[in-house]
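Structure first, then comments.
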Amino acid sequence: MSAVIFIPARYASSRYPGKPLVELTGATGEKKSLIRRAWEAAQSLKGVSAVYVLTDDARIAEAARGFGAEVLMTSEAARNGTERCAEGVAQLEKAPDIVINLQGDAPLTPPWFIEALIEAMQNPAVEMATPVLKTDPETLANFVSDRHAGRVGGTTAVMRSDGTALYFSKEVLPYVGNLETPPEVWHHVGVYGYRPDALARYATWPEGPLERAEGLEQLRFLENGTPVTCVAVEARGRVFWELNNPVDVARIEAVLQKEGIA
C-alpha cells in the first residue's frame with residue numbers, strides 16, 4: 001500500500017508561538033530546528049513514497065525548503081493538523097492509500113512507531129489509527145508534575161479491550177493517586193494514520209465540544225462515530241517526549257544527548 005508522510009507545522013501556537021523553528025542541540029553540539037528534526041526522522045523510514053511539510057506560514061516554508069524538504073502550502077483556515085492533511089491530500093495528483101500525520105513537535109518519534117502504524121492500517125477496516133505507549137515511571141512522573149504545575153503536557157489515551165479508543169485527554173487518565181503504585185497509563189503518541197476518505201469526511205465535520213475543550217483533533221473522529229484504532233508500541237529503551245512547553249526543550253535535548261542523535 002502506498003503511504004505518504006505529512007508534517008503539519010504552524011507558527012501561531014497558542015502555548016508556544018514559533019515552536020517549529022525552535023532550535024534543539026543534538027549530541028554533536030549542532031543546533032537544528034524542531035521541524036527539521038521531525039523531517040529527518042521521517043526521512044529515515046522505509047516504504048514511504050514521499051514526505052511533505054504542510055504549513056501556512058512563509059517563515060516555516062522558507063526554513064523547510066532550506067534544508068531540502070518538499071512543502072505544501074495550506075490555508076490559514078485549517079484549525080489543526082488533520083484539517084491541514086486533508087488540504088494536503090487535495091493537492092496531490094494521486095491520493096495515497098495511507099496518509100501519515102507526523103506531528104512536527106515530536107522529533108523523538110522512533111521509526112518503529114510509524115512502521116507499526118502502517119502495518120495496522122493494512123487492515124482495510126481501520127479508517128484511522130494512532131500509536132499508544134505504556135508510560136514508564138519517568139514519563140508518568142513528568143505528566144503528573146506538569147499537571148501539578150498547571151502546564152499542559154502529554155496526552156493520555158483510554159481504550160476498550162479491543163484496542164479502539166474510548167477517550168483522549170490532556171489530563172492524566174486514569175487518575176494517578178500514588179506514583180509508587182500507579183494504574184496503567186497510556187501515552188498517546190502524536191502520529192496519526194488515515195484513509196483519504198476518512199480525512200475528507202473529517203474536513204466536513206464541525207469542531208465538537210470535546211475537541212474544543214481538550215484541544216485534541218482526534219476527538220472529532222470519536223464525536224462523529226468513527227472508531228480510532230490504538231496501536232500499542234514499545235519504547236525499546238528510548239524516552240519519548242513531545243515539545244509542548246519551553247521546559248520540554250531541555251528534556252528533549254537530554255534524550256538527543258543520551259541517544260547520540262546529532
Side-chain angles (χ1 to χ4, degrees), residues 1 3 5-7 38 41-42 44-48 81-82 85 97-103 105-144 146-147 153-176 179 181-195 198 210 214 216-223 225-244 251-252 255 259:
M1 302 182 77
I5 294 182
F6 287 157
I7 307 175
S44 68
L45 289 163
K46 297 179 180 179
V48 174
T82 301
C85 286
D97 296 308
I98 300 170
V99 175
I100 301 296
N101 173 352
L102 174 62
Q103 305 280 38
D105 60 4
L108 297 178
T109 304
W112 58 89
F113 284 15
I114 302 173
E115 290 163 359
L117 186 61
I118 293 174
E119 181 178 352
M121 295 199 71
Q122 303 303 308
N123 180 348
V126 177
E127 294 188 86
M128 191 275 196
T130 191
V132 292
L133 175 68
K134 190 181 294 184
T135 54
D136 57 36
E138 179 182 351
T139 301
L140 184 57
N142 283 337
F143 274 19
V144 173
D146 280 341
R147 295 310 296 132
T155 297
T156 59
V158 181
M159 297 170 286
R160 297 181 180 87
S161 58
D162 67 357
T164 55
L166 279 169
Y167 195 61
F168 298 90
S169 182
K170 288 178 179 174
E171 292 290 351
V172 182
L173 297 180
Y175 170 69
V176 179
L179 280 172
T181 56
E184 187 175 80
V185 176
W186 289 86
H187 183 182
H188 171 241
V189 178
V191 184
Y192 303 106
Y194 323 94
R195 303 281 177 208
L210 296 177
E214 292 271 9
L216 295 174
E217 62 206 85
Q218 67 270 32
L219 289 174
R220 195 183 306 181
F221 285 104
L222 297 184
E223 290 187 85
T226 296
V228 175
T229 298
C230 294
V231 180
V233 294
E234 295 183 357
R236 302 182 189 175
R238 178 182 289 186
V239 175
F240 173 78
W241 197 256
E242 304 105 329
L243 201 156
N244 295 299
R251 291 171 175 171
I252 291 176
V255 178
E259 297 291 329

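Fair warning: this is a prediction, and the values are worked out from it, not measured in the lab.
Once rounded to the nearest 0.5 Å, the distance linking CG of L222 with CZ of F168 reads 6.0 Å. In this structure, the separation between CD on Q122 and CD1 on I98 is 5.0 Å, given to the nearest 0.5 Å. One finds the CZ atom of F113 at 10.0 Å from the CG atom of L108 (value rounded to the nearest 0.5 Å). Between atom CE of residue M128 and atom OG1 of residue T226 there is a gap of 9.5 Å, rounded to the nearest 0.5 Å. For the atom pair NE2 of H188 and NZ of K170, the computed distance is 11.5 Å after rounding to the nearest 0.5 Å. Going from atom CG of L210 over to atom CZ of R220 covers 12.5 Å, rounded to the nearest 0.5 Å.
Side-chain N or O atoms of W112 include one that pairs as donor or acceptor with a backbone N or O of E234 at under 3.5 Å. Here the side chain of T135 pairs no donor or acceptor atom with the backbone of W186 at under 3.5 angstrom. R160 places a side-chain N or O within 3.5 Å of a backbone atom of A165 that can act as its donor or acceptor partner.
Closest of all the heavy-atom pairs between V231 and A129 is CG2-CB, 4.3 Å. A116 and V233 get closest at one heavy-atom pair: CB-CG1, 3.9 Å. Summarising the geometry of A157 relative to V132, their closest heavy-atom pair is CB-CG1, 3.8 Å, with the distance given to 0.1 Å. Of all non-hydrogen atoms in R195 and N123, the two that sit nearest each other are NH2-O, 2.8 Å. Here the shortest heavy-atom pairing between A235 and L133 reads N-CD1, 3.4 Å. Considering all non-hydrogen atoms of both residues, V189 and T109 come closest at CG1-CG2, 4.5 Å.
Of the options T155, T156, V176, a side-chain contact (heavy atoms from CB on, under 4.5 Å) to F143 is made by T156 and by none of the others. Screening I100, I118, I114 against L45 for a side-chain contact (heavy atoms from CB on, under 4.5 Å) leaves a single residue, I114.
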- Message: Evaluate E214 against L219 for side-chain contact (heavy atoms from CB on, under 4.5 Å), listing each step before the verdict.
- Response: CA-CA 9 Å; E214 292 271 9; L219 289 174; 3.8 Å; yes
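Counting only residues at least two apart or in different chains, salt bridge (charged side-chain N to carboxylate O under 4.0 Å, His left out) contacts with residues 110-128 comprise E127-R201.
R251 meets the side-chain hydrogen bond (donor to acceptor under 3.5 Å, both in side chains) test with D146, D248; sequence neighbours excluded. In this view, D162 and T164 satisfy the side-chain hydrogen bond (donor to acceptor under 3.5 Å, both in side chains) rule, not counting sequence neighbours.
Judged purely by distance below 3.5 Å, without hydrogens or angles, the side chains of E217 and Y192 never pair a donor atom with an acceptor atom.
Using a 4.5 Å heavy-atom threshold, the side chains of T139 and H187 count as touching.
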